[in-house]
Amino acid sequence: MPLPDDSAARPGGTPPQPRGAEGARPDTPEPAGTRKPVDAPAQPATDGEPARPPIPEDAPDTGRPPQPAGAKPSGPTPAGAKPAGPPPGGPKRPPVRKPARPPGAKRPAVPPTARTVDPEGDGAALGLPVLSRKDFVSGSDVRWCPGCGDYAVLAAVQRALPDLAETRENVVFISGIGCSSRFPYYMNTYGFHSIHGRAPAVATGLKSTRPELDVWVVTGDGDALSIGAGHTAHMLRRNVDLQVLLFNNQIYGLTKGQYSPTSEVGKVTKSSPYGSLDHPFNPAALALGSDGSFVARTLDRDPKHMQAVLKAGHAHRGTSFIEIYQNCNIFNDGAFFEFTERDTKALRTVMVEDGQPMTFANGTKGLVLDGLTLRAVDLDGDRTADDCLVYDSTDKGLALLVADQTFWSADLPRPFGVLYQEDRPTYDAMLNAQVEEVRQRKGPGQLAELLASGDTWTIE
């Protein structure tokens, strides 16, 4: 018997319809959709019990929530009944994990039979065991909604790190507040769950004082571009040697579906029931305008491309800003489907590569520059790939033009890959060099002497 398919059987409302060309314009108001928030269960979670669906009208009123088949009744033990004892063999305890060594602690000797890595390629192996993805899995329960795009990002980072990290002990993940900010709990590395919008400030302080650490910032479009927008801009202009992963789902997910700084105009949410009036941020253009030295974009549903971008960002010396289009299947499902789904991806995306013409739609279309305006053209007998714009990620003017015009025009595909990169000194390296220069010139300072130097006052 087929399952019913009506509004009563879909508590989340009717699924979103394809947006077409008009949906690609973030500044074009869209009509209010038919999706609505899922109604809260009639029996909310209490005292450790999970939330349960409403009790059917014909169910007996026992005063207790319905129990699954075979489950033991919950609640107080009836008078005269013996409380249930511990399970046979005693209570089950989670396995004890040994604490990680503190930073700088000496690594135990490697067994003679262990495989080693040779990052320099000159035969001078460091004697470090080869890492795998499972070495970066913390073992904590991952508490994202089933189907969330965050899972794909987590898996891609865990798969990429064995090729990037010398040791787990030198890797640190720092996050702010939001769904993405749970990331440090799921990585078997050092981590810090900071406060809303301040992950760039915390990461800047850590990298400046411990420049040998491999520091990653995990943030979201609300965390980084609303309350944390100022911190994000200053981190980018300073060029601190960090990797920044911006999860962009165009919605506030953790606080249950309010519009965010990247939501399109006309977005109907709990905080904008008549449609958002805000002009949205273009994160890539914001990073370029803040003088970011590495700006890239990738997608949660293209894990191979995401790993390639992650590795390119890690190899860069400076702030690597990586925007990741991430689907929130609960509060903004399908926001980026035109760029990720098989039927539309080829027409709506262009993968930029240095020295390669900007072609898309399986090579049948391309981008040409008409003055200072990008135009999409058919590649037929009159035009070929040789007529298309050749991408150069070191050309900032080109990066600004491409990032801006493709974001606002429904006639142009959205670019993915490394949009811009430049080599310039990093803040943390210059700061430590300056401190060392002063130390060599003046000698090591004494805190007591510093406090007693200059003008002092005695308070009576």
Side-chain angles (χ1 to χ4, degrees), residues 153 157 164 173-176 180 197-208 211 214-248 260-262 280-299 305-306 308-326 351-354 391-408 414-431:
V153 184
V157 172
L164 307 178
F173 282 85
I174 297 175
S175 64
S180 63
R198 272 62 178 184
V202 175
T204 297
L206 177 62
K207 186 66 180 182
S208 298
D214 187 4
V215 183
W216 297 69
V217 174
V218 180
T219 184
D221 50 304
D223 184 54
L225 302 180
S226 183
I227 190 172
H231 291 288
T232 299
H234 290 301
M235 170 188 62
L236 288 162
R237 72 172 179 83
R238 288 184 177 119
N239 199 36
V240 188
D241 192 13
L242 309 166
Q243 292 78 231
V244 182
L245 309 183
L246 178 91
F247 293 38
N248 182 9
S260 82
T262 58
F281 262 140
N282 175 358
L286 176 70
L288 289 167
S290 301
D291 278 341
S293 63
F294 182 100
V295 180
R297 183 189 286 139
T298 186
L299 315 99
H305 185 268
M306 184 165 25
V309 171
L310 291 173
K311 291 179 180 180
H314 188 271
H316 176 73
R317 294 279 296 176
T319 303
S320 300
F321 182 88
I322 302 173
E323 179 189 9
I324 304 173
Y325 280 4
Q326 175 262 329
M351 300 299 175
V352 297
E353 297 182 48
D354 277 336
Y391 202 76
D392 179 4
S393 64
T394 65
D395 186 339
K396 189 170 186 178
L398 177 61
L400 284 165
L401 183 147
V402 170
D404 180 68
Q405 294 189 21
T406 58
F407 187 78
W408 302 109
R414 195 71 58 88
F416 295 88
V418 180
L419 305 180
Y420 180 67
Q421 54 186 331
E422 68 166 296
D423 291 328
R424 83 169 192 258
T426 65
Y427 176 82
D428 46 290
M430 292 189 295
L431 175 64

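In this structure the side chain of Arg297 reaches within 4.5 angstrom of the side chain of Pro415, judged on heavy atoms. Side-chain contact between Leu310 and Trp216 is present, with at least one heavy-atom pair separated by less than 4.5 Å. In this structure, Pro200 and His234 have side chains that are not in contact, with every pair of non-hydrogen atoms separated by 4.5 Å or more.
Between Ser393 and Val418, the closest heavy-atom pair is CB-O, 3.8 Å. The shortest non-hydrogen separation linking Val217 to Ala203 is CG2-CB, 3.4 Å. Between Met306 and Leu299 the shortest heavy-atom distance is CE-O, 3.7 Å. Scanning both residues, Gln243 and Asp214, for their nearest heavy atoms gives NE2-OD1, 3.0 Å. Taking each heavy atom of Gly176 and Asp223 in turn, the nearest pair found is CA-OD2, 3.5 Å. When all heavy atoms of Thr406 and Arg414 are compared, the closest pair comes out as O-NE, 3.4 Å.
Distance check: Gln326 CD to Leu246 CG gives 10.0 Å after rounding to the nearest 0.5 Å. Here the straight-line distance linking atom NE2 of His316 with atom CD of Gln421 works out to 7.5 Å at 0.5 Å rounding. Remark: His314 NE2 to Leu242 CG distance equals 11.0 Å, nearest 0.5 Å. One distance of note links CG of Asn282 with CZ of Phe407; it measures 4.5 Å at 0.5 Å rounding. Between the OG1 atom of Thr219 and the CD1 atom of Ile324 there is a distance of 11.0 Å, given to the nearest 0.5 Å. Residue Tyr427 holds its OH atom at 12.0 Å from OG1 of Thr319, rounded to the nearest 0.5 Å.
No donor-acceptor distance shorter than 3.5 angstrom exists from the side chain of Ser260 to the backbone of Gly222, with no hydrogens or angles considered. Asn248 places no side-chain N or O within donor-acceptor distance of the main-chain N or O of Asp221, the cut-off being under 3.5 Å.
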Handout entry: Step-by-step side chain to side chain donor-acceptor pair (under 3.5 Å) determination, Thr426 to Asp241
Key = CA-CA 6 Å; Thr426 65; Asp241 192 13; 5.6 Å; no
Exercise for the section: I would like to know whether Leu245 and Val157 meet side chain to side chain contact (heavy atoms under 4.5 Å, CB included); could you show each step before the answer? Expected result: CA-CA 10 Å; Leu245 309 183; Val157 172; 3.9 Å; yes
Exercise for the section: Could you walk me through whether Asp354 and Asp392 pass the side chain to side chain contact (heavy atoms under 4.5 Å, CB included) test, one step at a time? Expected result: CA-CA 5 Å; Asp354 277 336; Asp392 179 4; 4.3 Å; yes
Problem - Test log, rule side chain to side chain contact (heavy atoms under 4.5 Å, CB included), inputs Leu288 and Phe321 - result: CA-CA 10 Å; Leu288 289 167; Phe321 182 88; over 6 Å; no
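Sparse packing is recorded around CG of Asp423, with 12 or fewer heavy atoms of other residues, nucleotides or ligands lying under 6.0 Å away.
With sequence neighbours left out, the side-chain hydrogen bond (donor to acceptor under 3.5 Å, both in side chains) criterion links Tyr420 to Glu422. With sequence neighbours left out, the side-chain hydrogen bond (donor to acceptor under 3.5 Å, both in side chains) criterion links Ser208 to no other residue. For Ser290, there are no side-chain hydrogen bond (donor to acceptor under 3.5 Å, both in side chains) partners two or more places apart in sequence or in a different chain.
Residue Asp291 is tested with Lys396, Arg424, Arg237 for a salt bridge (charged side-chain N to carboxylate O under 4.0 Å, His left out); the sole match is Lys396.
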